[in-house]
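Notes follow once the structure below has been shown.
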Amino acid sequence: MVEKPAITPVVAELAARFAAGGKRLYLVGGSVRDAVLERPTNDFDFTTDARPAEIQELLSGWADAQWDTGIAFGTVGASKKGEIIEITTFRADVYDGVTRNPEVTFGDSVDGDLARRDFTVNAMAYDIAASEFVDPTGGLQAARDGVLDTPATPQESFGDDPLRMLRAARFVSQLGFTPAPRVVEAMRSMAGQLTRITPERVQVELSKLLCGAHPRRGIELMVETGLADVVLPELTAMKLEIDEHHQHKDVFDHSLVVLEQAIDLEDVDQSPDLVLRIAALLHDIGKPPTRKFESGGGVSFHHHEVVGAKMVRKRLRALRYSKEITEDVAKLVYLHLRFHGYGNGEWTDSAVRRYVTDAGDLLTRLHKLVRADCTTRNKRKANLLRRTYDSLEERIARIAAEEDLARVRPDLDGNEIMKLLGLPPGREVGAAWKFLKELRLDRGPLDRDEAETALLEWAREQGITPPAS
């Protein structure tokens, strides 16, 4: 581990400017922590003893641009040679204990500023001009030991901002750290205070947790401490359900295995796939409410994918996820069992077309989710499932080479339908379009004569009289 962050020429120049003005400038927070852990970072935050007006004066004539959006909280932003800089005056905030809204007060020392931060590994600073490392709360040792602890007591820290409990789970996921026993104890006793936090802030932390390097650890901590009961109670419910295949101690454990296997299937050169990870974690969310004990002593969860898709929509909307993410995850949950009707490859080409069409842009993710969901310890069965899905993908590729499966459309468009049937725009045209699309899925591409003949026959059955040709 290193103790000295990499300083860019712009940052060195800025520090010299502050020093010439009689002010101290410290690199602080995540950038210092990541330097200690030798992790890449592009997030640079600074703190200073200069008050906001003094910061603005020191930046004036040097920065290419500056803004005061966060000045009420002591933060002044600026840019220089393409680098974004945010500088905040030492803070010594007091929280009201109800809304977690702080009464913004400025402090007089860097040690006091660091003491109010969430975790010791984030409570380190680097005095740029003096090339001195500042660590009043033992953050460096905590980083070396891989321990997540708070500068003050956890009760005091979490009481100031309950979201810090969820941040603890997030840092466990991102950094692979182990929370100190007193932190876990405080999380258990204070989990209910998360209700003070807005869904939007919870959602941001949950997404970061899921996109971390060790999301399983973070999720297990959430469930263990009761945080999940507040923000994602469906996880705890799954922990009470036995997996019907008896391959895992419960559905929750199975879901974590699926999550890990889905992550292994992600493209290594791309960012973590949040949609895939949420879908993998919640794909069996519908099992608890659909559980049924069978006469032979087994258990079933019929139609849990249908119920699960509805539950996913409800939960992700409550967490203020975007409509796009919500619908994508819900669709993946709804479709994740479809493959198991494939058997030994008995699907017709029509069924394959429908599989591809229903998945749409999510087909690649669906492939990964389905493969990740094969968690049986029976090697023979696992190999059979893999070979069967290989066969399905090969059929998709073959049919796609013959047809444009990515854009399945009726063989006649709306204008052609209206002209052939003599209809104005309206519901009947939509019904005719849907009929032709279903026909296209069933039979594949048709030539124009075949499509027109089929449409005219359908129109007669619907009581529609086409104009005389």
>> Using side-chain heavy atoms (C-beta onward) and a distance below 4.5 Å, is Leu232 in contact with Leu235?
In response: yes
>> Regarding Arg338 and Glu305, does a basic nitrogen lie under 4.0 Å from an acidic carboxylate oxygen?
In response: no
> Salt bridge or not for Arg277 and Glu260, using N-O below 4.0 Å?
Replying inline: no
> What distance do Leu421 atom CG and Leu456 atom CG have between them, rounded to the nearest 0.5 Å?
Replying inline: 6.5 Å
> Any Lys/Arg nitrogen of Asp349 or Arg395 sitting under 4.0 Å from an Asp/Glu carboxylate oxygen of the other?
Replying inline: yes
> When you look at Thr88 and Thr75, which way does the side chain to side chain donor-acceptor pair (under 3.5 Å) test go after all the steps?
Replying inline: CA-CA 4 Å; Thr88 303; Thr75 300; 2.7 Å; yes
> Is there a side-chain contact between Val172 and His214, using heavy atoms and a 4.5 Å cut-off?
Replying inline: no
> Are any non-hydrogen side-chain atoms of Arg217 and Ser173 less than 4.5 angstrom apart?
Replying inline: no
> Would you call Arg398 and Glu394 a salt bridge, taking side-chain N to carboxylate O under 4.0 Å as the test?
Replying inline: no
> Sub-3.5 Å donor-acceptor pair from the side chain of Ser79 to the main-chain atoms of Gly82, do we have one?
Replying inline: no
> Which residue, Arg167, Arg196, Arg117, Arg201, forms the salt bridge (charged side-chain N to carboxylate O under 4.0 Å, His left out) with Asp161?
Replying inline: Arg201
> Are any side-chain N or O atoms of Asp68 and backbone N or O atoms of Ile71, one a donor and one an acceptor, separated by less than 3.5 Å?
Replying inline: no
>> Distance check, rounded to the nearest 0.5 Å: Arg353 atom CZ versus Trp347 atom CH2?
In response: 13.5 Å
>> Check this for me, if you would: do Lys368 and Glu266 make a salt bridge, where the nitrogen-to-carboxylate-oxygen distance has to be below 4.0 angstrom?
In response: no
> Please walk me through it: do Phe252 and Asp284 pass side-chain contact (heavy atoms from CB on, under 4.5 Å)?
Replying inline: CA-CA 9 Å; Phe252 173 69; Asp284 279 343; over 6 Å; no
>> Quick one, Arg317 and Lys323 - any side-chain contact, counting heavy atoms below 4.5 Å?
In response: no
>> In the structure I gave you, are the side-chain heavy atoms of Arg315 and Leu319 within less than 4.5 Å of one another anywhere?
In response: yes
> Side chains of Ser31 and Asp45: closer than 4.5 Å at any heavy-atom pair?
Replying inline: no
> Is there side-chain contact between Tyr355 and Phe339, with at least one heavy-atom pair below 4.5 Å?
Replying inline: yes
>> Pair Thr326, Arg313 - check side chain to side chain donor-acceptor pair (under 3.5 Å), show working.
In response: CA-CA 6 Å; Thr326 299; Arg313 285 191 180 93; over 6 Å; no
>> Do Thr290 and His303 make a side-chain contact, defined as non-hydrogen atoms from C-beta onward lying under 4.5 Å apart?
In response: no
> What class does the angle between the rings of Trp458 and Phe435 fall in, given that below 30° is parallel, 30 to 60° is tilted and above 60° is perpendicular?
Replying inline: parallel
> Checking side chain to side chain donor-acceptor pair (under 3.5 Å) for the pair Asn383/Arg380: CA distance, chi angles, key distance, verdict?
Replying inline: CA-CA 5 Å; Asn383 288 333; Arg380 184 188 64 80; over 6 Å; no
> Is the closest basic N to carboxylate O distance between Arg371 and Glu393 below 4.0 Å?
Replying inline: yes
> His254 and His283: ring-ring contact (aromatic ring centres under 6.0 Å, His included), yes or no, with the steps?
Replying inline: CA-CA 10 Å; His254 162 75; His283 75 284; 5.2 Å; yes
>> Once side chain to side chain donor-acceptor pair (under 3.5 Å) is applied, do any residues pair with Glu83, and if so which ones, sequence neighbours excluded?
In response: Thr8
